[in-house]
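Right, one structure below, let's go through it.
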Amino acid sequence: MLRNMLPAYATALGTQSSAATIPVTLAQSLKNGVRENIAVFVVPLCATIHLAGSTMKIVACSMAIMYMAGEPVLLSQYTGFIMMLGIAMVAAPGVPGGAIMAALGLLQSMLGFNETLQALMIALYIAMDSFGTACNVTGDGAIAVVVDKIAGKKEEGV
């Protein structure tokens with residue numbers, strides 16, 4: 001299945017956009033055996049709300065910046081931040097840099113990032129945005145397979 005998702009992965013590396021990669025992700029999900037009616041629903045939905053790669057990047061980059069700035073990184077502080085970030089990522093657009101723009105308010109209010117740290121965070125995030133997007137679209141294909149399997153079991157039980 002991962003081999004089938006390579007075209008979507010490569011497209012995401014080039015476009016840095018989950019939304020722009022939808023047609024390729026959809027085609028590769030169909031090659032993975034996902035039924036068309038499931039794939040056409042799950043892939044666009046996931047391209048909008050499933051940003052696991054972006055979330056991981058934001059958490060890792062913010063920790064690195066806090067360490068570099070000499071700020072303490074507390075588990076209690078990051079637990080709330082990660083939960084709120086998960087909610088914010090649902091509203092983040094699937095365009096290049098959309099996730100970091102949606103997260104700036106949380107970085108400021110929950111982690112105390114000033115304008116300089118936010119600018120550094122944006123630059124660091126954009127520099128590696130393509131890899132997070134590639135993780136997102138590969139995960140979208142995996143979610144489509146899982147939903148297809150769950151829907152198949154429910155249809156057998158009916």
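The figures that follow rest on heavy atoms only: side chains count, while hydrogens, waters and symmetry mates do not. By convention here, the first residue in the shown sequence is residue 1.
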Are any side-chain N or O atoms of Asp129 and backbone N or O atoms of Pro96, one a donor and one an acceptor, separated by less than 3.5 Å? no

Donor-acceptor check, side chain of Asn114 to backbone of Thr116, threshold 3.5 angstrom: yes or no? yes

How long is the gap from CG on Leu85 to OH on Tyr78, to the nearest 0.5 Å? 10.0 Å

Are Thr25 and Met5 packed together at the side-chain level, in the sense that at least one heavy-atom pair is separated by less than 4.5 angstrom? yes

In Å, rounded to the nearest 0.5 Å, how long is the span from CG of Leu6 to CE of Met1? 13.5 Å

When Cys46 is tested against each of Val42, Ile49, Thr48 for side chain to side chain contact (heavy atoms under 4.5 Å, CB included), which residue passes? Val42

Leu107-Leu74 co-clustered via ILVMFWY side chain contacts under 4.5 Å: no

Quick check: closest heavy atoms across Ser29 and Ala144, and the distance to 0.1 Å? OG-CB, 4.2 Å

Is Met66 linked to Ile100 within one hydrophobic cluster, defined over Ile, Leu, Val, Met, Phe, Trp and Tyr using a side-chain heavy-atom separation of less than 4.5 Å? yes

Heavy atoms of Leu13 and Ala134 approach each other most closely as CD2-CB, 4.0 Å

Say you draw a straight line from CD of Gln108 to CE of Met121; how long is it, rounded to the nearest 0.5 Å? 13.5 Å

Quick one: which residue pairs count as a ring pair (Phe, Tyr, Trp, His ring centres under 6.0 Å) with a foot in residues 110-149, not counting sequence neighbours? none

Atom of Ala20, atom of Pro23 and distance for their closest heavy-atom approach: O-CD, 3.6 Å

Among Val147, Val145, Val43, Leu30, which residue satisfies the side chain to side chain contact (heavy atoms under 4.5 Å, CB included) criterion with Ile38? Val147

What one should report as the nearest heavy-atom pair of Ser18 and Ala47 is CB-O, 3.6 Å

Examine Leu120 and Tyr67 and state if one hydrophobic cluster contains both, with Ile, Leu, Val, Met, Phe, Trp and Tyr joined whenever side-chain heavy atoms are less than 4.5 Å apart. yes

Does some side-chain heavy atom of Met89 sit less than 4.5 Å from a side-chain heavy atom of Ile58? yes

Test of understanding: clusters of I, L, V, M, F, W, Y form through side-chain heavy atoms closer than 4.5 Å, transitively. Do Met101 and Val59 belong to the same one? yes

Before you tell me yes or no, could you show the steps for Met128 and Lys57 under side-chain contact (heavy atoms from CB on, under 4.5 Å), namely the whole-Å CA-CA distance, both residues' side-chain angles and the distance that decides it to 0.1 Å? CA-CA 8 Å; Met128 53 188 219; Lys57 272 191 328 190; 3.7 Å; yes

For the CE atom of Met68 and the SG atom of Cys61, what is their distance to the nearest 0.5 Å? 9.5 Å

Would you indicate whether the side-chain heavy atoms of Lys31 and Arg3 approach each other to under 4.5 Å? no

Are Ser62 and Phe81 close enough, and set up right, to give a side-chain contact (heavy atoms from CB on, under 4.5 Å), and what steps lead you there? CA-CA 11 Å; Ser62 65; Phe81 174 70; 4.1 Å; yes

Taking Leu124 as the starting point, is it possible to reach Leu106 by hopping between hydrophobic residues whose side chains are less than 4.5 Å apart? yes

Is there a donor-acceptor pair under 3.5 Å between the side chain of Asn136 and the backbone N or O of Gly53? yes

For the atom pair OG1 (Thr79) and CE (Met84), what is the distance rounded to the nearest 0.5 Å? 13.5 Å

Assess whether side chain to side chain donor-acceptor pair (under 3.5 Å) is satisfied between Thr21 and Thr15, documenting all intermediate values. CA-CA 7 Å; Thr21 310; Thr15 63; 3.3 Å; yes

Where do Pro72 and Gln77 come nearest, in terms of heavy atoms and distance? O-OE1, 3.7 Å

Nearest 0.5 Å, please: how far is CD1 in Ile22 from CG in Asp140? 8.5 Å

Can you see which heavy atom on Leu117 is nearest to which on Ala69, and at what distance? CD2-CB, 4.2 Å

Sequence neighbours left out, what passes side chain to side chain donor-acceptor pair (under 3.5 Å) with Thr11? Give chain and number order. none

Counting N and O atoms only, with roles assigned by atom type, does the side chain of Gln28 sit under 3.5 Å from a partner on the main chain of Asn4, one being a donor and the other an acceptor? yes

